[in-house]
Amino acid sequence: MSLTVNRRHFLSLAAAGASLPLTSRIAFGQTSPFTMQAAWINDAEFAGYFLAIDRGYYADEALDLTYLSGGPDVIPESTLVAGRADLALTTPDTTIKAITDQGAPFKIVGAQYQKNPIGIVSLASNPITSPQDLVGKTLAVPPVNVISVEAMLAINGIERSAVNIVPYAYDPTPLIQGEIDASLDFTTNVPYTIAQAGAEATSFLLYDFGFTIYNDTVVVTQEALAEKRDQIVAFLRASRRGWEENFADPDYVPSIADTWFAGTGRSIENEVYFNQAQQPLMETPNGIFSMSEEDIEANIEAMAAVGITATREMFDTTLLEEI
Amino acid sequence: MATDRMPGWVRGLLYTLALLVLWEGVGQLRLVAGGALPPPTAIALRLFADWADYPNHILATIQGASIGFVIGNAIALAAGVLFVLFPVTSRVARGLNVAIYALPPIAISPILVLTLSGMAPRVVLAAIGCYFVTMTATVVGLSQTDARAVDVVKAYGGSKWAVLRLVQWRSALPSILSGLRIAAPNAVLGAILAEFGGGGRWGLGVYLLGSLGRGEPDRLWGIGLMATAIAAFAYLAFAVAANAITGTTQAVTVPSSVAKAADRDRPVWQNATIAAASVALPFGVWMLLIWALGVPAMLAKSPAGLFEYLFLMPNSPVAQERLLAALAQTLPMTLIGMVAGLAMALGLALASQIYPAIVRAFMPIALVTQTMPLVALTPLLVLMLGRGYSLILWVTISVTFFPAFVTMAQGLILVPRAALEVPRAYGAGILTQLRLVSLPASLPYLFAATRLTVPRALLGVMIAEWLATGTGLGNLLNQSRGYLDYGMIWTVAVVSVLISVAFYQIVVVVEHRVLDRLGMASTN
């Protein structure tokens, strides 16, 4: 019984993916294929894109969107370089390091999170509420994020060697059991899991302690910018519409439990928590994805703390103006 | 006593049941790691509750694994036939074969994900898991044909092909099927590993990843045991097929090397050319693949690109320094882990002679350690062992001991009865028999086990570094991914293969010296 239900969901999802471009082709005569690479597995972090796909907003913009899920070994920038995606959601410090160190031809054309949701999560019973509290403690960090933690420590004048940094494999059990004192994770996500496990979490954002960077920056190659500018603008417009409607419609995230979130192993309550928690980190008076001059400047300064030389030219705000 | 009359397998089953009951008690009372080891009933209930999630994930895993299985084995069979028909090709391909065998999956998985897309990384990793085992089984099977039957075909004017078709193929079938039996679970494990890193929505590896953040060990164990069940099912399916087709059950061997072609009568310059070709071939294949895939040079490093990265760039000294620092942490642990894994395997193999029932009861647990994705066990391991040397050591032992144990146990079983009769007639106990006869007689298998262990020891250390300790090559690989340092990702992959191959060759040389002096033949 459950097997048939699941297969039906799976098939309907596949059918939804296949039929979307079809309907828009009928409506508009022609659509352009366009591929985006997400930064992680399907969770509420990407709800706005799911909504825009489900409700045909990309089709309205004559985009035939292919959505690629991410994962721990998926480096979104690599998908761009390999030419398998037109646009990727990335971590800005990684992207800028790739530009400066490897000469990667990237441009940042928008920012999903105005404030990076990455923070230090600890238990309320052993609270770590500021960078200073980390001294002498064991902090678990996903190896790909070590650079962000090093920046935050440097900005706050703490020696790197004063904190015992160990790898974090996205499982909060060692934190709940006290084997580690804190972990680096999305503050929009883990506190819920910890509450489910019967403990109480406390957290602070790296952003609030000087590491003022965006996250899920929208990145394209310069080549794509030259050849597909209209489509990138169309993507930003449809995605902004999707995100705005997602925040206006709290029923949307629960409604995709059996389609986009099917089989991810996470509970739908977790996604609802995530979606609510991320709203203040994303919304800005200028509209989702916008990048103000002050914030870009703050990004550049924060990255300078770990020796990453970002420049204003790496950010292109002109597409946002065309939305 | 009644138990004396029980068949061995019944007693083994009883011990296994006793272990399950013990596990249940320990889990219920949360004795281990504050409950990070869930009791079997909790795992089963959780599996039942989550069941709706499973079918799509299982199907995706089986799909990736079976495509890889078919492709990997087709190549392996073709290569095996080629190596037997034209022995010189076997020597030229030797470097490539050892390199494929020694590839540490965690080092090449990021590279596969970089250069391929969709299902391809899963298929490739599954195929790689099959190739060496099946190729070796094919070569061994085809070479061990009854010479008299070959003579009959030749006497009637039969060609090489006729011999292959009429004689060798039939006699090789049991060996090939036993190779496929081991290849099948390898394919499943390869597919899951690639799923874990490769993106995509379905597959047990993807499911495990989504579940990690929930901090629910019973779910993780359920997924891991499901992976184990699929691998075990794949193994059994081929065991049954082998039984039906050949009517014989061969002892399961883990083939560990390619049969050697006669090379004594060849001039030195020819041998040197072949050896050089054997070293050059893996590099040639590497460059060919990069060219064929058309991946940009920034992502896919050629040998020249890697040399440039390591020696000619302004950042090269920094890269070298980081690499050497990582090696200084990883290499000593690899050697220690290798020795510990071999000691564990030898201890178990000896115990299987002295206390066969207990060892048999231990086997299900041993099998689970081979197929449980280690990432699911990380919280349990760090809670029990911390994040230091003991964790690295235990992970390395668990990754290395099993194939070595199987090989050594087989060596001990194959000791000629007549040789054992001598000490027995003089009243020697089992320990004396082992010391005087069994151990020396099974020396070739001990070396074969060592060869098997070497690349796996490096893999074990890198996994532990990557998951828990944040040191050495494993961590360097992981951090390089975060820094988009493609040169370093390739460097770590290539260096880890080179180390594995080098260790492997050292064992081969020592093995030949020792066995030559003792007048024994290698298991080659």
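Chain letters run A, B, ... following the sequence lines, proteins first and then strands; every chain starts at 1.
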**Q** Heavy-atom pairs under 4.5 Å with chain B - which of A:Asn270, A:Thr264, A:Leu175, A:Ile165 has more of them than the others?
**A** A:Thr264
**Q** What do you reckon, is CD of A:Glu200 surrounded by more than 12 foreign heavy atoms closer than 6.0 Å?
**A** no
**Q** With a 4.5 angstrom heavy-atom cut-off, could you sort out which part of B:Leu116 is near chain A: side chain, backbone, both or neither?
**A** backbone
**Q** Below 4.5 Å from any heavy atom of chain B, which atoms of A:Gln102 appear? Answer side chain, backbone, both or neither.
**A** both
**Q** Mind checking whether A:Gln196 and B:Glu216 have side chains closer than 4.5 Å, heavy atoms only?
**A** no
**Q** Could you walk me through whether A:Ile41 and B:Arg201 pass the side chain to side chain contact (heavy atoms under 4.5 Å, CB included) check?
**A** CA-CA 7 Å; A:Ile41 59 172; B:Arg201 282 202 60 192; over 6 Å; no
**Q** Taking side chain as C-beta onward, heavy atoms only, is A:Pro167 less than 4.5 Å from B:Thr469?
**A** no
**Q** With a 4.5 angstrom heavy-atom cut-off, which part of A:Tyr67 approaches chain B: side chain, backbone, both or neither?
**A** neither
**Q** Counting heavy-atom pairs closer than 4.5 Å to chain B, which one of A:Lys97, A:Glu77, A:Gln177, A:Gln37 comes out on top?
**A** A:Gln177
**Q** With a 4.5 angstrom heavy-atom cut-off, could you sort out which part of A:Asn42 is near chain B: side chain, backbone, both or neither?
**A** side chain
**Q** Side chain, backbone, both or neither: which part of B:Thr115 has a heavy atom under 4.5 Å from chain A?
**A** backbone
**Q** To the nearest 0.5 Å, tell me how far B:Leu484 CG sits from A:Thr90 OG1.
**A** 9.0 Å
**Q** Tell me, for A:Ile75 versus chain B, whether the close heavy atoms (under 4.5 Å) come from the side chain, the backbone, both or neither.
**A** side chain
**Q** Of the non-hydrogen atoms in A:Pro174 and B:Arg387, which two are nearest, and what is the gap between them?
**A** CB-NH2, 4.2 Å
**Q** So which part of A:Ala197 gets closer than 4.5 Å to some heavy atom of chain B, the side chain, the backbone, both or neither?
**A** neither
**Q** I need the residue from A:Thr94, A:Asp185, A:Thr79 with the largest number of non-hydrogen atom pairs under 4.5 Å to chain B.
**A** A:Thr94
**Q** Atom CD of residue position B:Gln320 - does it have more than 12 heavy atoms of other residues, nucleotides or ligands inside 6.0 Å?
**A** yes
**Q** Out of curiosity, A:Tyr168 OH to B:Thr378 OG1, how far, rounded to the nearest 0.5 Å?
**A** 12.0 Å
**Q** Just do the side chain to side chain contact (heavy atoms under 4.5 Å, CB included) check on A:Asp171 and B:Leu220 with the steps written out, would you?
**A** CA-CA 10 Å; A:Asp171 187 333; B:Leu220 301 184; 3.3 Å; yes
**Q** Checking A:Ile180 against chain B: side chain, backbone, both or neither under 4.5 Å from a heavy atom?
**A** side chain
**Q** Could you check which of B:Val295, B:Thr471, B:Leu209, B:Ile223 has the highest count of heavy-atom pairs closer than 4.5 Å to chain A?
**A** B:Leu209
**Q** Do you know which of B:Leu293, B:Leu380, B:Val382, B:Leu467 has the most heavy-atom pairs under 4.5 Å to chain A?
**A** B:Val382
**Q** What are the two closest non-hydrogen atoms of B:Ser211 and A:Gly265, and how far apart are they?
**A** OG-CA, 3.8 Å
**Q** Roughly how far, to the nearest 0.5 Å, is CD1 of B:Ile111 from OG of A:Ser78?
**A** 11.5 Å
**Q** Side chain, backbone, both or neither: which part of A:Ala104 has an atom under 4.5 Å from a heavy atom of chain B?
**A** both
**Q** Chain B heavy atoms under 4.5 Å from A:Ser267: which part of the residue, side chain, backbone, both or neither?
**A** both
**Q** Which atoms of B:Asp50 come close to chain A, meaning under 4.5 Å heavy atom to heavy atom: side chain ones, backbone ones, both, or neither?
**A** neither
**Q** Contact part of A:Arg266 toward chain B, heavy-atom cut-off under 4.5 Å: side chain, backbone, both or neither?
**A** both
